[in-house]
Amino acid sequence: MRVVIAEDSVLLREGIARLLEEAGHEVVGQAGDAEDLVRKVLAHRPDIAVVDVRMPPTNTDDGLRAALELRERAPEVAVLVLSQYVEEGYAHELIGGGAAGVGYLLKDRVADVERFVDAVARVGEGGSALDPEVVAQLLGRRRRDDPLEGLTRREREVLGLMAEGRSNSAIAEELVVTERAVEKHVTSIFGKLDLPPAAHDHRRVLAVLRYLGAPRP
Amino acid sequence: MSPAGLTPAKRAAITAIGFTGLLGIAWTFVAVLTSDHTSPKWLMLVLMLAIGTSFTATGMYAWARRPDSWFGLQLSLVGLLWFLTALSASNDDLLFTVGVLFGSLSSAVIIQALLGYPTGRLRSRGERAFIVLVYLLCTAGPLAQMLFAATPGDMPRNLLLVEENDRLVEVIDTVLRGGSLAAAVGAMALLMLRWQRATIPERRLLAPVLWSGVATTAALALSLTGQLLELPGDLLNVLDFVGLFIFASVPFAFIIGIVRQNLSRGHSVGRLVSRLGAAQPGRGATSLSEALSIALHDRSLSIAYWVPAAGAGPSVGQPGRYVDAAGKTVELPRPGSGRSFTEVEREGRRVAAIVHDASLDEEPELVQAAGAAAALALENERLDAELRVQIAEVRASRARLLEVVTRERRRIERDLHDGAQQRLVALALTLGIAEHQVADDPEQARALIREARGEARLALEELRELARGIHPAILTDRGLGPALEALASRSPLPVELADVPGERLPPPVEGAAYFVVAEALANVAKYAQASHAEVIVQRVNGHAVVEVRDDGVGGADPDGGSGLRGLEDRLAALDGRLAVFSPSGRGTTIRAEIPCAS
């Protein structure tokens with residue numbers, strides 16, 4: 001898989017590059033700021049861009065804005081956004097119309113090499129990866145007439161992993177149950193929450209997000 | 001314009017006194033002119049009429065002028081009783097007896113009036129006891145005398161005579177004279193004591209009446225002493241007439257006092273105006289209170305300036321308070337404390353209060369005239385004082401803000417030290433051990449490295465929380481709406497967000513608004529036992545208005561908690577305001593108004 005990395009900290013940029021190269025990917029470009037990122041992605045057309053949110057020139061959310069620009073200008077390039085902190089609102093902005101080829105993770109997750117590499121691969125292949133922290137925010141949010149109250153504990157766990165972008169087999173492995181059992185839970189959840197059934201993993205993410213998400217401003 | 005306190009009942013009483021007085025004049029004419037036992041008739045008639053009329057009329061005027069004081073009533077009673085004395089000139093036995101019996105009562109009333117001047121109320125138990133004795137002397141004395149003393153043959157008959165007893169009458173006479181002398185001297189002493197204890201402005205008011213009272217009682221004492229010493233009859237007659245003339249001067253002394261007041265009022269206010277015109281810039285407050293204290297002859301005078309409570313809006317509490325020229329809060333004197341105050345208004349708004357000696361309450365026209373003349377200058381000084389108050393508040397709030405910042409820094413330092421820093425030390429240690437073991441025991445080393453990674457993850461989590469508490473990045477990046485959205489989603493209870501302006505506000509305003517909501521939501525979660533909360537942010541008249549409402553138990557103390565206090569200071573730094581409405585059982589609303597030019 002061909003990768004462009006955008007991260008202003010050289011140490012971290014090199015680290016991520018080494019990690020991904022060891023996993024067999026090809027790092028075709030490294031950018032230190034948002035403008036550089038857009039330029040390199042448009043030039044190299046990689047499979048995926050790994051982007052830090054806080055970058056020059058303004059050191060606020062330049063990386064996120066660049067990622068959104070890339071979604072517009074190069075929709076075939078998957079984007080995995082990394083950040084020191086995650087906000088549910090940003091997840092909505094990123095995913096917007098489609099969860100395919102979008103990831104949004106806490107920067108800390110790179111330390112868990114296996115899962116990080118797995119997430120890069122999943123997003124690069126058109127899947128989704130949403131940080132458990134964001135999912136926790138979504139699920140943890142208290143509402144009046146909370147619809148999630150009807151779910152069992154196991155169903156909540158499954159819903160959370162679904163929202164992260166995991167496939168049924170990955171969920172089965174995580175929860176140490178059979179894939180059949182997971183399928184049954186998923187059907188039950190979609191039924192209880194009155195969601196349209198969806199086959200693809202990224203469609204399920206979208207459905208869950210739409211369902212749980214705050215009203216868009 | 002009728003004076004305050006002149007009720008219809010008092011007006012009717014004054015009218016009745018007037019008619020009774022006219023009646024008194026008539027019967028005095030008849031009684032004296034037809035008398036067979038009075039000489040010289042014309043002199044008696046003039047004295048009787050002059051004294052009776054002057055006391056009655058002056059008393060009526062005094063009562064109408066100050067309806068709340070009993071002095072006027074007492075003065076006119078002296079006049080009416082004096083007319084009663086004139087009955088002793090009558091040839092009729094009954095009228096003669098009544099006239100003699102009540103002949104001395106007017107002396108008791110005049111002593112009471114003099115001691116009570118200007119309010120007509122006695123001031124101590126001693127004075128009250130003294131007056132009771134005087135009344136006893138003036139009623140029981142003549143009665144006792146008349147029970148045993150027959151009148152000479154050419155005079156009307158004493159109807160009260162029980163048994164003629166010359167020896168007893170002589171004893172009673174001596175006792176009565178002694179008692180009267182004691183009463184006269186006592187009254188004189190009390191009047192002089194009153195003078196000695198009076199404040200300087202009070203003395204100005206008391207002077208004419210008090211000194212004519214001292215003279216009257218002194219003349220009475222002199223005449224009684226003469227009788228006791230059995231001086232020759234002619235000399236005693238002269239002393240009696242002199243005494244009567246001095247007694248007759250009391251109402252005139254009162255009138256002179258009023259005229260003097262009016263003259264000095266015009267003069268004082270005139271001088272005050274020119275003094276204010278010449279006041280030196282820069283020492284405004286000092287020269288203003290000096291000018292007023294000279295105009296009102298009250299060295300102790302001071303000025304309190306009115307500072308209204310800050311601005312309009314929902315602020316709860318008092319409409320304002322009085323401060324001195326330095327901006328410190330001043331309590332106005334209570335009634336009965338010997339001090340009093342007169343409020344000064346300008347164009348219908350309260351400006352200041354002149355705090356002065358209570359005796360100046362007897363001359364409200366003077367104080368009001370002086371206040372009106374000084375109103376503009378007072379308004380200027382008031383604005384100065386208000387400014388000082390604001391400066392003092394700004395200083396205090398700045399100091400508190402600094403304290404808040406220092407406390408926050410200490411908290412951050414402690415959190416870093418106890419949290420992330422410790423974890424990083426542990427992580428470094430774990431990695432160090434792993435490095436040692438990597439050759440000998442790779443499996444153990446791998447476990448240690450995994451442990452180190454866990455430490456690193458926890459350190460990162462703690463740093464993230466800390467950073468969010470200092471200033472959430474989403475607030476800088478996306479503004480108030482998304483930041484409040486994030487805050488609401490992390491709240492342990494359902495929070496509805498309404499009306500947050502889409503446009504960006506100045507960063508300090510966004511910061512203050514965010515922390516108001518954060519603190520309020522934290523309090524709701526901690527104390528309110530609410531089922532949900534609502535957050536509203538609106539722009540109203542150049543202000544960002546932030547409201548957080550809950551449906552909890554209410555009863556929150558707006559002054560309690562350093563959190564709210566810190567917010568207040570943070571808002572004060574932006575000229576903003578915080579209000580807390582928390583009726584018990586009806587939820588809590590916290591409302592912040594932050595000026596925010598568009």
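Per chain, numbering begins at 1; letters A, B, ... match sequence-line order.
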Exercise: identify the closest heavy-atom pair between B:Glu461 and A:Asp108: N-OD2, 4.5 Å
How about A:Glu114: does its CD atom have over 12 heavy atoms from other parts shown lying under 6.0 Å from it? no
Quick check on the interface: out of B:Ala486, B:Pro472, B:Pro492, B:Ser491, who has the most heavy-atom pairs with chain A under 4.5 Å? B:Pro492
Atom of A:Tyr85, atom of B:Ile474 and distance for their closest heavy-atom approach: OH-N, 3.8 Å
Counting only heavy atoms not in B:Arg409 (residues, nucleotides, ligands), do more than 12 fall under 6.0 Å from its CZ? no
Between A:Glu87 and B:Arg468, does any NZ, NE, NH1 or NH2 come within less than 4.0 Å of an OD or OE carboxylate oxygen? yes
Is it true that, when you exclude B:Gln529 itself, more than 12 heavy atoms of the residues, nucleotides or ligands shown sit nearer than 6.0 Å to its CD? no
Looking at B:Leu460 and A:Gln84, what are the two nearest heavy atoms and their distance? CD2-OE1, 4.5 Å
Taking atom NE2 of B:His436 as the centre, does the number of heavy atoms from other residues, nucleotides or ligands within less than 6.0 Å exceed 12? no
Are more than 12 heavy atoms, taken from residues, nucleotides or ligands other than B:Glu435, located less than 6.0 Å from that residue's CD atom? no
Considering residues, nucleotides and ligands other than A:Glu21, do more than 12 of their heavy atoms fall under 6.0 Å from its CD? yes
Do A:Lys107 and B:Arg464 come close enough that some side-chain heavy atom pair is under 4.5 Å? no
Would you mind telling me which of B:Arg490, B:Arg478, B:Glu496 has the largest number of heavy-atom pairs within less than 4.5 Å of chain A? B:Arg478
Basic-acidic side-chain contact under 4.0 Å: A:Asp112, B:Arg457: no
